[in-house]
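Predicted model, so just to flag it, every value in this text is computed and none were measured. By convention in this document, chain letters (A, B, ...) are assigned in the order of the sequence lines, proteins followed by strands, and residues within each chain are numbered from 1.
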Protein chains: 2
Amino acid sequence: MTDTPPRRRPPTIDEVVRVDGPVRDESAAEQRRSPRIEEVARLAGVSPITVSRALRRPNLVAEEKRRRILAVVEATGYASNPHARALRSGQSTIVAAFVSNIMSPQFALAVQSAAAILEPNGFQLMVGQTSYSYAKETSMIQSLRALRPAAVLFTGVIELESNRRALRELDIPVMETWAYPRDPIDMLVGFSNTDGGRMAADHLHGRGYRRIAYIGRRSGRGALRLDGFRQRVAELGLDLAAELTVESVSGIADGRGALAQLLDQAGSRIDAVFCANDLLAVGALLEARHRRLQVPGELAVIGFGDGDMASEIAPGLTTISADVGRIGRLAGEMLLARLSGPPADRTTELIELDLIQRGST
Amino acid sequence: MTDTPPRRRPPTIDEVVRVDGPVRDESAAEQRRSPRIEEVARLAGVSPITVSRALRRPNLVAEEKRRRILAVVEATGYASNPHARALRSGQSTIVAAFVSNIMSPQFALAVQSAAAILEPNGFQLMVGQTSYSYAKETSMIQSLRALRPAAVLFTGVIELESNRRALRELDIPVMETWAYPRDPIDMLVGFSNTDGGRMAADHLHGRGYRRIAYIGRRSGRGALRLDGFRQRVAELGLDLAAELTVESVSGIADGRGALAQLLDQAGSRIDAVFCANDLLAVGALLEARHRRLQVPGELAVIGFGDGDMASEIAPGLTTISADVGRIGRLAGEMLLARLSGPPADRTTELIELDLIQRGST
DNA sequence: TTGTAGGCGTTATCAC
DNA sequence: GTGATAACGCCTACAA
């Protein structure tokens with residue numbers, strides 16, 4: 001016997017509404033390919049190099065000619081071929097951005113904010129994901145040698161010594177973010193994760209909690225936050241009641257699982273927990289609700305990052321917040337200044353952290 | 001009188017732990033810049049063009065020579081200069097990807113899945129954000145004329161007729177996704193938003209709800225979902241109790257606000273609401289909880305997209321789900337096939353939608 | 001202030 | 001199967 005596969009009804013076509021854009025006749029199909037600098041030059045009655053200068057260093061070109069040239073550029077929609085430009089000048093218009101996890105709204109916001117600064121100035125952002133993997137990070141940095149972007153931006157700092165060296169040797173601006181190390185590769189817009197941990201400890205102590213636990217990674221930024229947290233907890237004369245490590249990229253589900261495990265193991269010894277990021281913290285809140293624990297009565301939760309959810313769930317999540325949009329903007333601005341000018345004056349910027357008190361503590 | 005600014009204590013330095021990578025001596029600093037094809041040719045005892053062929057079309061080169069060349073390439077870490085290549089051959093290794101909103105985990109996952117296919121094959125993804133703005137979309141598509149990427153990928157379909165034309169004229173593979181229009185520009189991996197709306201209506205009706213409302217955009221994909229929803233609601237002999245439109249990029253807060261407004265206006269006339277995306281639906285759930293409404297007893301909520309949160313909140317969110325990772329993978333594979341081979345056989349792929357029943361209905 | 005000459009690194013084309 | 005030659009489009013260096 002043969003099974004007849006179940007008949008599915010055909011999909012409904014999405015009747016997408018087409019919209020007419022601004023009419024751009026341009027009359028002929030000759031306009032098809034992007035015009036070359038030579039054509040612009042001919043139409044403006046100058047030499048190609050003058051067009052190039054009018055676009056790159058306008059003040060070297062006579063006012064009158066410049067206007068004529070720009071008019072032609074506008075009319076023809078000329079855009080210089082970035083490959084030819086990069087090849088001849090060694091100056092690419094590509095800025096490579098690497099995030100550890102594309103799907104994190106925090107990183108995405110920072111990258112987006114940097115893009116908002118760089119793109120109007122003729123740079124294009126190329127985004128790659130390192131997935132918290134040294135191997136992936138290394139291979140992406142390798143590929144930069146060939147790509148020769150104008151600059152590189154990381155939402156994080158580079159830990160591998162070999163990669164730091166490779167980046168220095170690229171001899172282009174390198175921007176690190178999201179931490180405040182002693183010796184950045186080049187430029188830095190970051191905050192002190194260690195201080196964030198300290199703030200969390202201070203806050204919990206100040207609110208009267210004494211049996212405190214930690215959930216987070218034990219490497220990278222998680223480790224830094226834990227360090228500061230531990231230090232301050234010790235200074236305050238408390239013991240860390242428990243520590244629970246999660247692996248690499250962590251989400252809400254990990255936070256739930258981690259708190260569950262923590263409570264099963266250390267249950268009543270705990271009255272507050274510091275989660276190294278907000279997703280973990282949200283997960284912890286959900287698990288607490290699941291167990292019908294009073295928050296913050298029976299268990300207080302504090303996060304790190306001020307994600308989208310923090311203000312929306314109930315109770316609101318107390319968290320340590322960095323202005324991530326500002327990190328992206330500043331990084332973009334500093335890169336832009338360096339790319340278009342003389343050696344920049346500032347290469348390091350510290351972003352202050354804020355503690356945002358909500359209902360969960 | 002002058003204010004003395006409050007003294008802040010200096011930031012704690014993040015004591016990042018540096019890690020030594022694999023030792024790669026390469027003995028000298030001469031290896032610094034990426035070697036050129038000519039050097040590889042010299043070391044292998046062949047001409048530059050033969051090296052080029054050995055890399056691009058290996059079967060045109062004699063076995064023996066090819067091996068020698070590849071060994072040298074390996075040893076020197078040679079990688080061809082993508083700008084020179086793009087300039088001469090018109091073949092870029094860049095694939096341009098445009099998302100309407102970088103911060104959406106759904107889009108990010110799709111892009112990431114496509115990247116996972118394309119990157120190991122030597123292509124690099126360049127991500128841009130159109131912000132649901134025709135103007136931005138148009139200007140990005142303009143800039144493609146100069147960049148000449150190998151292909152373009154959209155997490156969405158292009159509505160503006162002028163942009164569709166511009167993309168066709170680029171004469172490179174164009175991949176649209178996330179909808180199932182009658183006439184894609186070129187390639188398509190999509191699902192029927194209209195069918196999704198129908199499924200939502202069917203489900204709510206089947207569960208016994210009769211006073212049904214809609215929250216979402218009234219343009220783009222939201223409109224398609226609403227269309228199908230409305231059609232099916234009518235076929236089932238029901239009336240749509242209320243429709244509430246939100247603007248452009250919408251988040252959890254918009255969902256809360258929308259449901260609040262809906263309940264204030266139409267309150268008891270409503271027993272179920274279909275939200276055009278999961279963020280809105282999560283917002284609606286939170287607002288319902290805030291008002292101490294029984295879900296699903298007093299109000300049922302169904303979403304679209306199966307985001308991260310859907311399964312984590314309580315009650316779980318019933319939602320229409322498309323396998324977004326699969327969309328990205330398929331899009332990547334189809335593009336790759338087209339880029340490295342003869343005219344592809346399949347240029348359109350339909351992704352089935354699933355209804356995931358959880359506690360909210 | 002403007003223009004001329006030449007080359008960035010690669011590959012298409014054609015000849016052998 | 002391999003190589004010589006030229007060209008992709010632009011911009012640096014230098015000259016006028």
Side-chain angles (χ1 to χ4, degrees), chain A residues 32-70 72-73 76-94 122 143 145-150 171 339-340, chain B residues 33-70 72-73 76-94 122 143-150 171:
Chain A
R32 191 152 300 191
R33 339 211 90 234
S34 194
R36 271 155 285 161
I37 201 172
E38 197 164 80
E39 275 141 66
V40 176
R42 191 166 40 73
L43 291 172
V46 296
S47 77
I49 187 63
T50 306
V51 175
S52 172
R53 278 200 276 256
L55 292 169
R56 304 292 150 236
R57 308 147 125 266
N59 47 348
L60 292 189
V61 175
E63 169 90 25
E64 144 81 35
K65 268 187 185 159
R66 188 175 61 218
R67 257 208 296 274
R68 200 145 31 102
I69 291 169
L70 292 182
V72 175
V73 166
T76 55
Y78 170 76
S80 78
N81 179 319
H83 301 300
R85 176 126 69 103
L87 182 57
R88 175 62 250 221
S89 68
Q91 296 271 323
S92 162
T93 59
I94 293 175
S143 76
R145 282 214 328 209
L147 185 63
R148 301 208 188 204
D171 212 35
L339 287 170
S340 49
Chain B
R33 341 212 86 235
S34 196
R36 272 156 283 162
I37 201 170
E38 197 163 78
E39 275 142 66
V40 176
R42 191 167 41 71
L43 291 172
V46 296
S47 76
I49 187 64
T50 304
V51 175
S52 173
R53 278 198 277 255
L55 293 169
R56 305 293 152 234
R57 308 145 125 269
N59 48 346
L60 292 189
V61 175
E63 170 90 25
E64 145 80 37
K65 268 189 184 156
R66 187 174 63 217
R67 256 206 297 274
R68 198 143 33 99
I69 291 169
L70 293 181
V72 175
V73 165
T76 55
Y78 169 76
S80 76
N81 180 317
H83 301 300
R85 174 126 72 102
L87 180 58
R88 175 63 251 219
S89 70
Q91 298 268 323
S92 162
T93 60
I94 292 175
S143 75
L144 292 181
R145 283 210 329 203
L147 184 63
R148 296 203 194 214
D171 213 33

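Of all the heavy atoms in A:S92 and A:A150, the pair that sits closest is O-CB, 3.1 Å. Residues B:P58 and B:R66 share a closest heavy-atom pair of O-NH1, 3.0 Å. Closest heavy-atom contact between B:P48 and B:A41: N-CB, 3.6 Å. The minimum heavy-atom distance between A:P82 and A:T93, with the atom names listed, is CB-OG1, 4.1 Å.
Distance CG/B:N81 to NE2/A:H83: 10.5 Å, rounded to 0.5 Å.
Taking five base pairs at each end of the helix from C:dT1-D:dA16 to C:dC16-D:dG1 and finding the rotation axis that steps the C1' atoms of four pairs onto the next four gives two axes whose angle is 30°, to the nearest 10°.
Within residues 61-69 of chain A, no residue has any heavy atom closer than 4.0 Å to DNA chain D.
Formation of a donor-acceptor pair under 3.5 Å by the B:R68 side chain with backbone atoms of B:A44 is found in this model.
Listed by chain and number, the residues in a side-chain contact (heavy atoms from CB on, under 4.5 Å) with A:T50 are A:V46, A:S47, A:V61, A:I69 (sequence neighbours excluded). A:R42 is linked by a side-chain contact (heavy atoms from CB on, under 4.5 Å) to A:E39, counting only residues two or more places apart in sequence or in another chain.
Evaluation of the side chain to side chain donor-acceptor pair (under 3.5 Å) test over residues 52-62 of chain A, restricted to residues two or more places apart or in two chains, returns A:R56-A:S80.
Here the side chains of A:I37 and A:I49 are not in contact, with every heavy-atom distance at 4.5 Å or above.
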Mark up nucleotides 9-16 of chain C, 5' to 3', with B wherever a protein heavy atom is under 4.0 angstrom from a base atom, S wherever such an atom reaches only the sugar-phosphate, and - elsewhere. BBBB----
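Listed pair A:T50 / C:dG3 meets the phosphate criterion, a side-chain N or O lying under 4.0 Å from OP1 or OP2.
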